[in-house]
Amino acid sequence: MKSGIAKRLLWSWRPESQREANDAIVKNMLLHWFPSTVTKRSLSFSYSFWLGTISAVLFVILSITGLILMFHYTPSMERAYPSMKDIDFATSYGWFLRGVHRVAAQLMVVSVFLHMMRVFYTGAYKKSPGKMGNRPRNWVVGIILLLLTLALSYTGYLLPMDQLAYWAMIIGANVAASVPFVGEHIKLALIGGTIIDQNALLRFYVLHCALLPIFMLVLMAYHMWRIRKDGGLACMDQVSLQHGMTDAVPASTKTYSLLGITSGIDIKVQAPSQMEEEDRILSSPNLVRRLWLVSLGTMAITILLAIYIQFPLEAPADPTMAPNPAKAPWYFLWLQELIADTTFTLAGMTVNGAFLGGIVIPSILLVWLVAVPYLDRTSAANCGIWFPRERLKQNIVFTVVILVIVALICVGAFCRGPSWVFYWPWEQWPELPVNF
Amino acid sequence: MTEEKTTGLSRRRFFKWVGGASLLAIGGQAFFFLRSCIPNVLYEPVKRIKVGLPNVFPQGHKFLSAFRIFVFKEEKGMHTVSCVCTHLGCNVQISEFSQPRKVKHGDEEVEETFEFVCPCHGSKFRADGTNYCGPAPTPLPHYKMEIAQDDGQVVVDKGEEVDKNARLKVEA
């Protein structure tokens, strides 16, 4: 091991053996988050695309920029919009902080969603061969994290109190109110009144800045801890299977100290056919170096986008007139398309599209997503491989759902003109009377 | 050797009770928290409002944006239609026809010059507020109108819906 300047500054000692190197990782506060050794396969970019890590890095960027933005933003009906304008035009580098926050938020929606797709297509939610593993549970935690990401982005774009924010609050509150029996109570609890006013803004502010991020942090920690308890990424199951470790249970009754377990003498190492030494490489520097690269890459892309993309606010909230057409941000357009299309009348009873498209259909989708790992009966041999042949049926169903969502987003984004009338993208929208 | 006392509360049972009571206490406080979020007092604009003397209203319609209502004044009298879309609460707008259109209301055919259109999800309503196109599930409500006893102003009560044919008789 070469001893460079950083090594001489940060280390007082150099490991002499594999064992000492393992110990060194456990003894370091930052490194002990990682296993001391990893397999090359679970570091491979083409397997996981590092999407979970990218999401976590984006969350860190969002937390830091969000915290700084909290110094400049006032959650009051009078001051919210002007303070946003100040952030954009008066505060030094305010435009940069808000730009990074906004870009990172949108990227996080994308990366969390892609992460879910990756996990589905690799069957990584399947129960691992080891008895300790419970990947289905971690999939459910992941779904909650996706919901939290969406909730954070929704509450986030409500805060500037521009037209988008105001009408999104109205629509959100009324979707909640469309639930039978308890709807009106949910609406009251959500916006603290019957109209959009100070109560509503303050509630969404507290949700966005405190409650939801705390939930997110706790669940993220649990999500990552579970990956370790499940024996690493799902592709590790393939390694175990190759080595015939389907019953990886400690053979002996010998007890190990906590330190012994954390320093890498885990259940798999106890298994009858031990993992080959050449499969495993040290986390430091192999994992740490890649982690740095991914983090820096994520940050670089976020900053570049923040510099080159403008995010102008809409006009200040005007309770007397909604913009026409009033469109949600792109990742909610499929929901807007659903609530606009699903009002129906059956036997004299009219069901509001807000309830069917805004509550029932998304709930069915969610229940299906949560149930997927428990319904999927394909063998564990498909866990951790991209598009295994045996899972063709599941993958087709999942792909169709994704494509429908993408298609609805495209219709909402490109084919909806004033008054939500359908126009082809090349068609001219009619001119609207400005006064009415 | 003394005989072990087996009657009374066992250790296991005791802790089960303690655990149950703790869960109940936490659940109760969670309810308190949720209930506290539903306000008991609302500091919101009143629903019964004076909108001005009858003669300030022009023939045809006037949009009162602050109250989110359209006030109509026609030969038969005055009436008020809410501008809040019954789908998800956006403000509907009046879209005038270039040519008057014949529209069927039940059995009779009426000539109309405009309709209400919602910008958010494209619901459309006839001039009398009946929903006929798009996701809106119910008609736009009509509100009760009366003349104030003290100063003769028109009063709109947004808390009370009336039939779509109800009219407030006023002297032109």
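Each chain gets a letter, A, B and so on, in the order its sequence line appears, and its residues count up from 1. All of these numbers come straight from a predicted model, not from anything done at the bench.
- When each of Gly172(A), Pro323(A), Gly192(A) is checked for heavy-atom pairs under 4.5 Å with chain B, Gly192(A) comes out on top.
- Aromatic ring centres of Phe422(A) and Trp424(A): separated by under 6.0 Å.
- If you measure heavy-atom distances from Val175(A) to chain B, the contacts under 4.5 Å come from both the backbone and the side chain.
- Contact of Arg203(A) with chain B is made through the side chain alone, with heavy-atom distances under 4.5 Å.
- Between chain B and the options Ala328(A), Ala189(A), Gly357(A), Pro319(A), the largest number of non-hydrogen pairs under 4.5 Å is found for Ala189(A).
- Less than 2.5 Å separates the SG atom of Cys90(B) from that of Cys120(B).
- Remark: side-chain polar atoms of His142(B) are not paired, donor with acceptor, to backbone N or O of Arg167(B) under 3.5 angstrom.
- For Ser178(A), no part lies near chain B; criterion is any non-hydrogen pair under 4.5 Å.
- Both the backbone and the side chain of Ile339(A) come within less than 4.5 Å of a heavy atom of chain B.
- Using a 4.5 Å cut-off between heavy atoms, Glu337(A) makes no contact with chain B at all.
- Side-chain atoms of Lys124(B) never come within 3.5 Å of backbone atoms of Glu115(B) as a donor-acceptor pair (strictly under, hydrogens ignored).
- With hydrogens and angles left out, the side-chain atoms of Gln106(A) and Trp330(A) include a donor and acceptor closer than 3.5 Å.
- Relative ring orientation between His79(B) and Phe72(B) is described as parallel, the plane-to-plane angle staying below 30° on a 0-90° scale split at 30° and 60°.
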